[in-house]
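Atoms within each ligand, like the ligands themselves, are counted from 1 in listed order. Below, all heavy atoms of this structure are taken into account, side chains as well, without hydrogens, waters or symmetry copies.
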Amino acid sequence: MIRETIITSCSPQGVAHIAPMGVHVLDDELLIMPFRPSTTLDNVLATRTAVINYTDDVRVFAGCLTGRRDWPLLPAESVPGQRLAETLAHAELELLRWEEDELRPKLYCRVVHEANHAPFRGFNRAQFSVLEAAILVSRLDRLPWDKIESELAYLRIGLDKTAGPNELEAWGWLMDAVEAFKHGKTDKAAPI
Ligand SMILES: Cc1cc2nc3c(=O)[nH]c(=O)nc-3n(C[C@H](O)[C@H](O)[C@H](O)COP(=O)(O)O)c2cc1C
């Protein structure tokens with residue numbers, strides 16, 4: 001199983017970095033697989049720690065993909081790192097071992113501390129739509145345009161029926177990125 005999360009990592013100099021990442025849930029371990037090049041990869045290898053944030057604020061996912069990475073942070077408790085200030089829960093990780101790969105190294109981690117901060121209040125289709133659209137946006141330069149348009153049209157159904165203000169704002173940022181790409185204002189999106 002893969003959980004879509006926000007990973008906060010820190011450089012050895014203490015500079016925090018925020019990135020959406022899928023986390024693979026294994027029996028006793030969590031597996032993070034960043035594509036090279038990745039600041040998250042560099043930071044986790046250098047500090048041997050990472051923090052997973054379980055948030056339903058999809059603006060953080062869409063924001064990170066559209067240049068809005070400045071989300072409020074608080075110090076982690078058991079590792080030298082930071083967590084999102086607004087998150088339902090977070091887990092602090094220690095890197096156990098890693099497998100080198102020129103495309104996508106594997107970082108095997110274990111949880112050393114976990115905390116809940118707010119209740120999970122149920123699934124929301126608009127949040128799913130934003131997550132899927134964020135993944136499309138990260139692949140704009142590699143997907144056929146008609147596929148992007150047809151998938152966005154489908155995702156918009158759940159958005160229109162169930163979104164709140166956060167989901168609408170996040171969707172708007174992503175659609176701005178799609179429009180900018182369409183008009184040749186940007187030519188590069190990060191890979192997933
Ligand atoms: C829902 C979602 C899941 C993602 N999962 C991954 C992932 O597992 N690995 C990865 O390298 N990038 C993933 N990305 C894309 C990264 O967030 C993005 O490329 C980011 O810039 C990673 O590079 P960084 O570590 O240099 O920030 C994901 C993006 C989204 C929206």
Side-chain angles (χ1 to χ4, degrees), residues 1-26 29-71 73 81-84 87-88 90-91 93 95 98-109 123-143 148 151-152 155 158-159 166-167 169-178 180-181 186-192:
M1 181 194 197
I2 298 176
R3 296 188 187 281
E4 303 302 348
T5 73
I6 301 294
I7 298 208
T8 38
S9 59
C10 258
S11 73
Q13 293 73 34
V15 179
H17 181 75
I18 305 178
M21 292 250 165
V23 173
H24 302 240
V25 182
L26 310 179
E29 298 175 354
L30 297 173
L31 170 60
I32 304 169
M33 294 177 63
F35 282 98
R36 288 184 180 279
S38 161
T39 304
T40 305
L41 174 66
D42 296 344
N43 287 349
V44 176
L45 290 180
T47 62
R48 303 192 69 83
T49 63
V51 176
I52 295 179
N53 299 272
Y54 301 108
T55 179
D56 61 357
D57 186 346
V58 287
R59 294 176 308 166
V60 187
F61 291 84
C64 286
L65 286 182
T66 56
R68 299 167 175 88
R69 286 186 188 259
D70 196 15
W71 298 94
L73 299 170
Q82 310 216 52
R83 68 165 174 92
L84 289 177
T87 183
L88 300 181
H90 84 279
L93 308 184
L95 178 67
W98 69 294
E99 288 175 14
E100 179 57 293
D101 185 273
E102 65 182 32
L103 180 68
R104 204 175 183 193
K106 293 182 175 175
L107 306 175
Y108 292 90
C109 301
F123 298 104
N124 173 258
R125 291 173 61 197
Q127 290 169 359
F128 162 80
S129 293
V130 172
L131 283 189
E132 289 297 325
I135 289 171
L136 284 175
V137 164
S138 77
R139 295 176 177 172
L140 283 176
D141 56 351
R142 281 170 294 142
L143 291 175
I148 293 169
E151 293 207 5
L152 288 177
L155 293 171
L159 184 96
N166 286 358
E167 291 74 30
E169 188 172 22
W171 182 267
W173 294 341
L174 294 171
M175 292 311 106
D176 287 348
V178 172
F181 181 82
T186 179
D187 60 2
K188 183 82 181 75
I192 293 183

Going by the atom numbers of ligand 1, which of them fall below 4.0 Å from some non-hydrogen atom of [X]?
X      : answer
Ser38  : 24 (P), 25 (O), 26 (O)
Leu65  : 31 (C)
Arg104 : 7 (C), 8 (O), 9 (N)

**Report entry** Pairing residues for Glu100 by the side-chain contact (heavy atoms from CB on, under 4.5 Å) criterion, not counting sequence neighbours
**Finding:** Arg36, Trp98, Pro105
Requested in this report: State whether a side-chain donor-acceptor pair under 3.5 Å links Asp176 with Thr66.
Outcome: no
[X] N/O under 3.5 Å from ligand 1 N/O:
X      : result
Ala134 : no
Pro34  : no
Leu131 : no

Does some side-chain heavy atom of [Y] sit less than 4.5 Å from a side-chain heavy atom of [X]?
X      : Y      : value
Asp101 : Lys106 : no
Pro34  : Leu107 : yes
Asn43  : Cys10  : no

**Report entry** Arg3 atom CZ, neighbour heavy-atom count above 12 within 6.0 Å
**Finding:** no
**Report entry** Phe35 backbone acceptor or donor facing Arg104 side chain under 3.5 Å
**Finding:** no
Query raised in the report: Evaluating non-hydrogen atoms only, which member of Ala19, Ala133, Pro20 is closest to atom 16 (C) of ligand 1?
Result: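 It is Pro20 that holds the nearest heavy atom.
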Query - Proximity to ligand 1 by part of Arg69, non-hydrogen separation under 4.0 Å - result: side chain
Report task. Please work out whether any backbone atom (N, CA, C, O) or any side-chain heavy atom from C-beta onward of Glu4 is under 4.0 Å from ligand 1, and answer side chain, backbone, both or neither. Result ->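 Only the side chain of Glu4 comes within reach of ligand 1.
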